[in-house]
Amino acid sequence: MAMDTIEPAVEQRPPGSDSEGDENRLAQFGYKQELRRDWGLAHNFGVSFSIISVITGITTLFSYGLNTGGPGVMSVGWILVSFFTLLVAVAMAEIVSAIPTSGGPYFWAALLAPPRWSPFAAWLTGWFNLLGQVAVTTGISFGLANLIPTAVVVKNPSFTPTPRVTIGIYAAILVSHALVNTLGVRALKYLNNASIVLHSAGITALCVAVLALAPTHQRAAFVFASFRDGTAAADGADGWGVRASDVYVAVCGALLSQYTLTGFDASAHLSEETRRASWSAPIGVVSSVAFSALFGFFVLMAMLFSIQDFDTVVSSPYGQPVLQILVDAAGENGALALFTLIMVCIWHCGLFSMTSNSRMMFAFARDGGIHPFFHKVDARFRSPTRAVWLAATLAFILALPSLGSSVAFAAATSIATIGLYLSYGTPILIGLICHESFSAMKGPFNLHGFSRPVAAAACLWIGFITVVFCLPTANPVTSQTFNYTAVAVGIVAVFAIGSWVVWAHRWFTGPSAEVSEAMRLGIDITEPGALEEREKKESQRAAQT
């Protein structure tokens with residue numbers, strides 16, 4: 001476990017301060033304080049809230065939702081998905097409170113698993129979390145790269161964006177995110193505050209304006225009960241509602257809601273930069289999901305009730321149904337102003353997604369999951385610079401298939417959802433199975449008797465969506481319409497398991513075995529002789545029995 005990459009300047013703190021307590025807690029996990037710890041609860045919440053960014057998921061997947069189930073599936077599905085996602089968030093928050101480190105899911109899996117399986121659990125979970133993190137950044141920033149030329153079309157109908165143009169815009173967006181994360185780490189806190197205002201007050205004002213300006217409003221029956229099967233990908237082909245069933249289409253349509261409510265592990269990845277992390281980080285996880293669920297429902301209702309002509313919105317000449325709704329309500333100039341606000345929100349979402357992504361990679365490199373080259377904090381900016389640019393590079397590579405496939409973006413969103421939720425579910429499942437050892441670690445956020453039922457429900461839901469989002473969503477299935485999610489997730493699974501069997505098991509230990517054992521026994525490893533004394537007592541007790 002690498003612990004000597006840099007020697008950061010030591011800040012003077014009064015004894016018993018929150019920062020001192022956080023650093024002592026981090027030391028119990030075998031790490032020193034390397035990142036700047038100056039985030040509060042509001043900032044921690046804001047990062048996850050910005051990454052969830054309901055306007056991002058709803059805008060970029062609105063067309064998918066209209067064609068894969070329609071308004072009824074989008075509205076009712078949002079309610080159901082929000083409920084189960086909140087269960088996942090609560091189960092995760094209990095673990096975050098016990099183990100507040102930047103590593104997040106892979107570190108939790110390592111400490112919760114039995115000693116024999118601890119390294120493998122960390123290795124597998126870490127790679128799924130890394131895949132999900134990269135795919136989330138791809139989905140957000142590539143979605144923005146598609147929206148920018150779409151906005152240009154409003155005033156320049158002859159402009160036709162090509163895949164190469166979109167990729168170029170995407171590269172520029174990634175570079176902007178990487179530069180801010182590299183050079184402006186101190187400004188991230190203030191950008192976070194701006195993002196919270198934009199995503200709350202700004203989008204609220206947008207939705208109120210759309211509702212007020214819309215010439216007519218749809219009936220509740222349209223919003224909550226209408227169904228559309230637009231999954232036929234060729235003339236004369238049947239949709240999946242005919243080939244399989246309407247239920248099949250409806251469960252696939254849940255991707256809009258589930259992808260939107262993703263990325264709340266950012267509060268955990270930022271825990272080493274958050275004060276009172278054992279309390280602030282889990283509250284950040286739960287509150288970001290709860291507020292996003294309520295706020296997202298309001299945004300979704302505003303858009304669906306403001307649809308003027310359904311067929312026009314579905315087949316909009318702009319190729320973007322949300323933009324069409326804005327044009328129908330506010331005219332082209334007003335729509336562009338409102339759409340620009342949405343794009344600014346999405347830019348902030350991508351920025352903080354890369355922040356979270358880089359912290360995970362930094363921590364994973366610290367424990368040897370990826371090359372230690374990426375465990376480096378810039379002494380001047382206190383930023384994991386190498387991990388930031390690795391995140392940007394991998395996100396760019398993941399979007400390259402879009403040059404030849406029309407479903408690459410949908411696949412990226414599915415990969416993000418499955419990769420992240422598998423990494424969320426693994427430590428939750430281990431904590432459910434090894435509940436006694438988990439109980440010894442629990443922090444101030446403690447579910448007590450509800451812990452195991454909530455964890456069980458969360459694991460069942462994650463298992464369900466893992467299967468559903470690998471299913472094909474366009475018929476007929478061709479090389480252009482195939483859902484490559486299963487391939488991408490499968491490649492990572494084969495790589496992670498195969499590399500473990502062949503060579504990684506020889507050297508990857510994950511978090512220190514001594515730290516893992518101390519956490520399972522519920523003792524402070526920084527207290528001299530504490531571990532040895534506890535093991536001695538355990539041996540004496542075993543001998544007596």
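Everything numeric in this text was worked out from a predicted model, so none of it was measured.
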Side-chain donor or acceptor of Ser353 paired with backbone N/O of Gly350 under 3.5 Å: no
All pairs passing side chain to side chain donor-acceptor pair (under 3.5 Å) where residues 144-156 contributes a residue, at least two apart: Lys155-Asn333
Polar side-chain atom of Asn129 near backbone of Pro105 as donor-acceptor pair, under 3.5 Å: no
Listed once per pair and sorted, the salt bridge (Lys or Arg N to Asp or Glu O under 4.0 Å) pairs that draw on residues 391-402, sequence neighbours left out: none
Close side-chain approach of Phe84 to Ile462, heavy-atom, < 4.5 Å: no
ring-ring contact (aromatic ring centres under 6.0 Å, His included) pairs, two or more places apart, involving residues 326-345: none
Main-chain N/O of Ile52 paired to Thr56 side chain as donor or acceptor, under 3.5 Å: no
Between Thr478 and Thr481: side-chain donor-acceptor atoms closer than 3.5 Å: yes
Main-chain N/O of Gly241 paired to Ser245 side chain as donor or acceptor, under 3.5 Å: no
Heavy-atom donor-acceptor pair, Asn475 side chain to Asp238 backbone, under 3.5 Å: yes
Exam field: side chain Asn357 to backbone Ala391, donor-acceptor pair closer than 3.5 Å: no
Qualifying salt bridge (Lys or Arg N to Asp or Glu O under 4.0 Å) pairs with a residue from residues 68-83, counting only residues at least two apart or across chains: none
Where at least one partner belongs to residues 459-482, residue pairs that pass salt bridge (Lys or Arg N to Asp or Glu O under 4.0 Å), sequence neighbours excluded: none
Non-neighbouring partners of Ser82 that pass side-chain hydrogen bond (donor to acceptor under 3.5 Å, both in side chains), sequence neighbours left out: Trp78
Ring pair (Phe, Tyr, Trp, His ring centres under 6.0 Å) assessment of Phe264 paired with Tyr424: CA-CA 10 Å; Phe264 46 89; Tyr424 299 168; 5.1 Å; yes
Close side-chain approach of Ile55 and His199, heavy atoms under 4.5 Å: yes
Residue pair Met354 / Val136, side-chain heavy-atom distance below 4.5 Å: no
Donor-acceptor pair between Asn44 and Ser280 side chains, under 3.5 angstrom: no
Residue pairs, two or more places apart or on separate chains, that pass ring-ring contact (aromatic ring centres under 6.0 Å, His included) and touch residues 205-247: Phe222-Phe310, Trp240-Tyr248
Expected output: side-chain Gln218 to main-chain Val223 donor-acceptor under 3.5 Å: no
Any donor-acceptor N or O pair under 3.5 Å, side chains Ser97, Trp279: no
All side-chain hydrogen bond (donor to acceptor under 3.5 Å, both in side chains) counterparts of Ser75, not counting sequence neighbours: none
Would you tabulate the side-chain donor-acceptor contacts of residues 289-306 under 3.5 Å, counting partners in other chains and residues two or more places apart, or write 'none'?
unit_1 : atom_1 : unit_2 : atom_2 : d
Ser292 : OG     : Ser288 : O      : 2.6
Ser306 : OG     : Ala302 : O      : 2.7

Donor-acceptor contacts, no H, no angles, side chain residues 65-72, under 3.5 Å, sequence neighbours left out:
unit_1 : atom_1 : unit_2 : atom_2 : d
Asn67  : OD1    : Arg228 : NE     : 3.3
Asn67  : OD1    : Arg228 : NH2    : 3.3
Asn67  : ND2    : Ser63  : O      : 2.9
Thr68  : OG1    : Tyr64  : O      : 2.9

Check: Trp108 and Val96 side chains under 4.5 Å, non-hydrogen atoms: yes
Set of side-chain hydrogen bond (donor to acceptor under 3.5 Å, both in side chains) partners for Trp347, sequence neighbours left out: Ser176, His177
Side-chain atoms of residues 159-170: list all donor-acceptor pairs with protein atoms under 3.5 Å, sequence neighbours left out, distances to 0.1 Å.
unit_1 : atom_1 : unit_2 : atom_2 : d
Thr162 : OG1    : Val165 : N      : 3.3
Thr166 : OG1    : Thr162 : O      : 3.2
Tyr170 : OH     : Ala395 : O      : 2.6

Min side-chain heavy-atom separation Met361-Val134 under 4.5 Å: yes
Between Gln258 and Thr85, a side-chain donor and acceptor under 3.5 Å: yes
Exercise: do Ser267 and Ser48 side chains pair donor with acceptor under 3.5 Å: yes
